[in-house]
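By convention in this document, chain letters (A, B, ...) are assigned in the order of the sequence lines, proteins followed by strands, and residues within each chain are numbered from 1.
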Protein chains: 2
Amino acid sequence: MLHEEVVGRIRDILLDGEIPPGARIPERELCERLEISRTPLREALKVLAAEGLVQLLPHRGSRAAKLTDKDMRDLFEVCQGLEALAGELACERITDHEIAEIAAAHAAMVQHYREGDLIQYYRGNRAIHEGIVNAAGNPVLTGLYASVTARIRRARYVTPMTPQRWALAVTEHEAILNALQRRDGVGLSHILRAHLRHKREEVLQAGFAETETSEPALKIA
Amino acid sequence: MLHEEVVGRIRDILLDGEIPPGARIPERELCERLEISRTPLREALKVLAAEGLVQLLPHRGSRAAKLTDKDMRDLFEVCQGLEALAGELACERITDHEIAEIAAAHAAMVQHYREGDLIQYYRGNRAIHEGIVNAAGNPVLTGLYASVTARIRRARYVTPMTPQRWALAVTEHEAILNALQRRDGVGLSHILRAHLRHKREEVLQAGFAETETSEPALKIA
DNA sequence: ACTCTCTATTTTGAATGCAAAAATGATCCA
DNA sequence: TGGATCATTTTTGCATTCAAAATAGAGAGT
């Protein structure tokens with residue numbers, strides 16, 4: 001089995017929330033499940049630790065990284081910065097074809113919004129933002145963005161999507177698309193920052209689904 | 001020996017240019033030198049591959065990542081974005097003490113500049129930028145910045161530092177410090193972008209020291 | 001009954017061993 | 001002499017094994 005595959009599969013397990021944040025990662029169990037030995041598993045865990053998804057405790061095993069409110073704030077801040085950068089770069093380089101694709105994703109997303117399909121809406125939302133990042137034509141940026149968004153998604157926060165918020169988000173997305181079509185880098189950068197700031201406010205206000213560690217609470221004296 | 005230590009030591013070896021970009025990483029040799037077995041070494045290599053410093057070729061070993069001009073451009077773009085973000089955040093959060101430290105680093109750097117000490121000048125330069133990033137108080141940002149700058153430094157480009165360029169860089173640093181003291185986030189962000197753009201132009205114009213792979217050239221048919 | 005300590009078990013971290021793939025080079029043929 | 005093919009050696013990737021550390025548990029002492 002390829003090393004990369006193991007990393008990918010464990011990453012998925014973590015992103016799916018199958019192992020909740022803070023919970024211990026059962027080495028032996030995962031080995032059996034993936035039908036590999038501990039060597040490649042441990043290699044994968046080290047890589048994921050470098051990515052920030054796993055926390056290694058010397059001689060005490062590895063845990064799914066636990067994200068504090070501060071961590072989430074930090075991640076959103078960086079995400080915001082990366083998207084703003086991507087927006088500026090994308091305006092310089094994006095092709096008409098790529099714009100059309102993003103426009104299509106936007107249209108699909110609006111449709112899902114009208115139908116009230118939250119899951120599909122999120123998917124479309126993600127497609128738009130990833131489209132912009134890809135259009136920046138900078139693989140380094142793409143990689144960092146993927147890493148940061150993965151960690152954010154990991155938190156599996158539940159945003160109470162009020163109609164007002166949906167409407168705001170859709171409006172902002174329209175503005176984003178508009179700026180892209182006008183190739184207005186600075187304008188897009190500002191919109192993206194505002195957009196993400198709104199999203200961050202939602203998230204932090206709601207708090208994110210603090211999935212319990214699958215362990216007994218600490219005995220406090 | 002701690003796993004982290006191995007990663008750090010190999011990273012240093014790579015950053016020192018001891019293994020030139022594109023060159024094969026001699027597994028056996030490194031094992032002997034670090035007095036470890038292949039297991040922790042390979043773990044470290046996988047981590048460094050995730051960081052982008054090492055390139056893994058299935059069944060063909062690992063090589064020190066080779067950076068193309070495009071890679072360098074991409075890295076500089078992202079570095080620029082991260083610094084701009086850091087500057088904005090730093091203006092909101094930086095303490096007088098931190099400003100004083102950066103001011104001290106700046107003063108020291110100017111002194112080295114006057115003395116023509118390039119090495120120390122670079123060191124001071126780095127201290128200033130790292131100071132700003134740290135002042136942003138965002139560990140996620142700090143981590144990504146460290147990773148990106150490490151890869152850039154890895155390239156060991158040789159910039160022909162003309163007096164004009166030095167003067168420009170020093171002037172820009174003064175402006176940076178000034179904006180920080182005024183807590184002018186937007187202004188600082190712009191200065192940092194311009195500053196890095198200048199630096200990037202130098203680098204790309206000069207080309208970077210394309211250290212030869214320590215291998216015979218490919219036999220071309 | 002509670003806690004402390006000492007031992008046994010489990011788990012982690014690293015070394016070694018083994019099979020498969022690639023690189024090397026030696027031989028054979030045109 | 002040049003090139004191709006096959007055997008040998010080396011290297012890679014993973015499994016297994018082993019020592020050390022941590023955890024859990026039993027027993028003794030207060």
> Where the side chain of B:Thr142 meets the backbone of B:Asn138, is there a donor-acceptor pair that is under 3.5 Å apart?
Replying inline: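 Such a contact is found between B:Thr142 side chain and B:Asn138 backbone.
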Take the protein atom [atom1] of [X] and the nucleotide atom [atom2] of [N], then report the distance between them rounded to whole Å.
X       : N      : atom1 : atom2 : value
B:Glu5  : C:dG13 : CD    : C1'   : 14 Å
A:Leu41 : C:dT12 : CG    : C1'   : 12 Å
A:Ile25 : C:dT11 : CD1   : P     : 15 Å
B:Arg28 : C:dA22 : CZ    : P     : 19 Å
B:Glu35 : C:dA15 : CD    : P     : 11 Å
A:Leu30 : D:dA15 : CG    : P     : 14 Å
A:Arg24 : D:dA24 : CZ    : C1'   : 12 Å
A:Ile36 : D:dT16 : CD1   : C1'   : 14 Å

> Mind checking whether A:His173 and A:His129 have parallel, tilted or perpendicular rings, split at 30° and 60°?
Replying inline: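 The arrangement is perpendicular - the two ring planes meet at more than 60°.
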> Considering only side-chain heavy atoms of B:Pro40, which listed nucleotide, C:dA14, C:dG13, D:dT11, is closest?
Replying inline: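 Within the option list, the nearest is C:dA14.
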> Nearest to the side chain of B:His59, which nucleotide is it out of C:dT16, D:dG13, D:dC14?
Replying inline: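 Ranking C:dT16, D:dG13, D:dC14 by closest atom to the B:His59 side chain puts D:dG13 first.
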Is the phosphate of [N] approached by [X] (side-chain N or O, under 4.0 Å from OP1 or OP2)?
X       : N      : value
A:Arg38 : D:dA15 : no
A:Arg42 : C:dG13 : yes
A:Arg60 : D:dT23 : yes

> Got a salt bridge between B:Glu92 and B:Arg183, using NZ or NE/NH1/NH2 to carboxylate O under 4.0 Å?
Replying inline: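 A salt bridge is absent here (no side-chain N lies under 4.0 Å from a carboxylate O).
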> Between A:Ser62 and A:Thr39, which is nearer to the 5' end of DNA chain C once each is assigned its nearest nucleotide?
Replying inline: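 It is A:Ser62, whose closest nucleotide lies nearer the 5' terminus.
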> Closer to the 5' end of DNA chain D via nearest nucleotide, is it B:Glu27 or A:Pro58?
Replying inline: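 By nearest-heavy-atom nucleotide position, the 5'-most residue is B:Glu27.
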> Which part of the nucleic acid, if any, lies within contact of A:Leu57, taking any heavy atom under 4.0 Å across all strands shown: a base, the sugar-phosphate backbone alone, or nothing?
Replying inline: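 Sugar-phosphate only.
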> Counting only heavy atoms not in B:Gln111, do more than 12 fall under 6.0 Å of its CD?
Replying inline: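 Yes, because the 6.0 Å sphere around CD of B:Gln111 holds more than 12 heavy atoms from other groups.
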> Per the atom types in the model, does the base of C:dA14 pair as donor or acceptor with the side chain of B:Ser37 at under 3.5 Å?
Replying inline: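 Side chain to base: no pair present.
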> Can you tell which of A:Arg11, A:Arg154, A:Lys46, A:Arg151 makes a salt bridge (Lys or Arg N to Asp or Glu O under 4.0 Å) with A:Glu51?
Replying inline: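 Considering A:Arg11, A:Arg154, A:Lys46, A:Arg151, a salt bridge (Lys or Arg N to Asp or Glu O under 4.0 Å) with A:Glu51 is found only for A:Arg11.
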